[in-house]
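Since the structure comes first, as structure tokens, the remarks are kept for the end.
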Amino acid sequence: VQLQASGGGLVQAGGSLRLSCAASGRTFSTYNLGWFRQAPGKEREFVAAISWSGGSTYVDSVKGRFTISRDNAKNTMYLQMDSLKPEDTAVYYCAARRGYSVARAAKEYDYWGQGTLVTVSS
């Protein structure tokens with residue numbers, strides 16, 4: 001599967017953005033999907049994931065502010081980001097993995113999209 005992330009941009013603190021991850025292939029609905037981010041000088045970190053069945057999980061720092069979702073008919077995953085903070089500034093990547101469950105480790109993912117930059121100004 002090929003993934004393409006989009007929707008990043010510059011937003012003020014407290015604002016919102018919605019990231020999209022469009023996928024190719026006819027088996028999109030069978031993949032577990034995730035969002036990761038990497039800030040300058042830091043390692044890539046897990047943000048959120050959604051399973052093939054729709055279950056989701058989040059890193060504590062974004063709980064209550066970010067919402068992950070998927071539309072299998074459109075082969076697209078989303079990350080709605082509200083109440084953004086300057087510390088959310090990073091390049092955001094989408095990823096897909098086979099199997100029965102989501103994962104929080106980047107190494108567990110089989111496919112990656114290119115990143116989309118999110119910049120939150122204070």
Side-chain angles (χ1 to χ4, degrees):
V1 62
Q2 292 184 323
L3 305 172
Q4 183 165 358
S6 63
L10 174 64
V11 63
Q12 289 188 332
S16 297
L17 280 175
R18 188 176 80 157
L19 305 184
S20 298
C21 178
S24 64
R26 293 176 293 178
T27 58
F28 175 81
S29 63
T30 67
Y31 283 88
N32 303 289
L33 307 170
W35 287 100
F36 290 77
R37 66 187 179 186
Q38 188 166 16
K42 295 188 177 180
E43 293 187 352
R44 190 169 300 190
E45 69 167 348
F46 170 79
V47 176
I50 186 166
S51 71
W52 63 272
S53 60
S56 59
T57 185
Y58 301 87
V59 68
D60 285 348
S61 61
V62 308
K63 282 182 180 177
R65 300 189 298 121
F66 291 10
T67 304
I68 190 171
S69 62
R70 64 189 299 165
D71 185 339
N72 291 334
K74 295 182 178 180
N75 277 17
T76 303
M77 171 179 62
Y78 304 98
L79 185 68
Q80 177 66 42
M81 305 187 295
D82 299 318
S83 302
L84 282 161
K85 303 176 180 180
E87 52 263 44
D88 294 318
T89 295
V91 177
Y92 284 70
Y93 299 89
C94 57
R97 71 183 299 266
R98 295 179 291 263
Y100 295 101
S101 63
V102 297
R104 293 182 171 229
K107 66 180 182 180
E108 300 293 335
Y109 285 79
D110 305 298
Y111 305 98
W112 290 85
Q114 90 295 353
T116 185
L117 177 63
V118 172
T119 304
V120 184
S121 63
S122 58

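Remark: the backbone N or O of G99 is paired with a side-chain donor or acceptor of N32 at under 3.5 angstrom. Of the possible polar contacts, one joining the Y58 side chain to the I68 backbone as a donor-acceptor pair under 3.5 Å is found.
A salt bridge does not link K85 to D88: none of the charged side-chain nitrogens sits closer than 4.0 Å to a carboxylate oxygen.
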Would you give me the side-chain donor-acceptor pairs under 3.5 Å for residues 1-21, sequence neighbours excluded?
residue: S16; atom: OG; partner: D82; partner atom: OD1; Å: 2.7

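Here R104 contributes atom CZ and E45 contributes atom CD; the two are 11.0 Å apart, rounded to the nearest 0.5 Å. Of the inter-residue distances, the one linking L84 atom CG with T89 atom OG1 reads 8.5 Å to the nearest 0.5 angstrom. In this structure, OH on Y92 lies 12.0 Å from CD on Q38, to the nearest 0.5 angstrom.
Contact between Y78 and W35 at its shortest, heavy atoms only, is O-NE1, 3.5 Å. Counting all heavy atoms, side chain and backbone alike, F28 lies closest to M77 at CZ-N, 4.1 Å. S51 and V102 make their closest contact through N-CG1, 3.3 Å (heavy atoms, listed as atom of the first residue, atom of the second, distance). What you find for A103 and E108 is that their closest heavy atoms are CB-CB, 3.6 Å. The minimum heavy-atom distance between A96 and Y31, with the atom names listed, is CB-CD2, 4.0 Å. Contact record, L79 with A48: CD1-CB, 4.3 Å, taken as the closest heavy-atom pair.
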Might you work through the side-chain contact (heavy atoms from CB on, under 4.5 Å) test for V120 and M81, ending with a clear yes or no?
CA-CA 11 Å; V120 184; M81 305 187 295; over 6 Å; no

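Counting heavy atoms from C-beta outward, R44 and W112 have side chains that approach closer than 4.5 Å. Counting only heavy atoms from C-beta outward, the side chains of V59 and F66 never approach each other to under 4.5 Å. In this structure, F36 and Y109 have side chains that are in contact, with non-hydrogen atoms separated by less than 4.5 Å.
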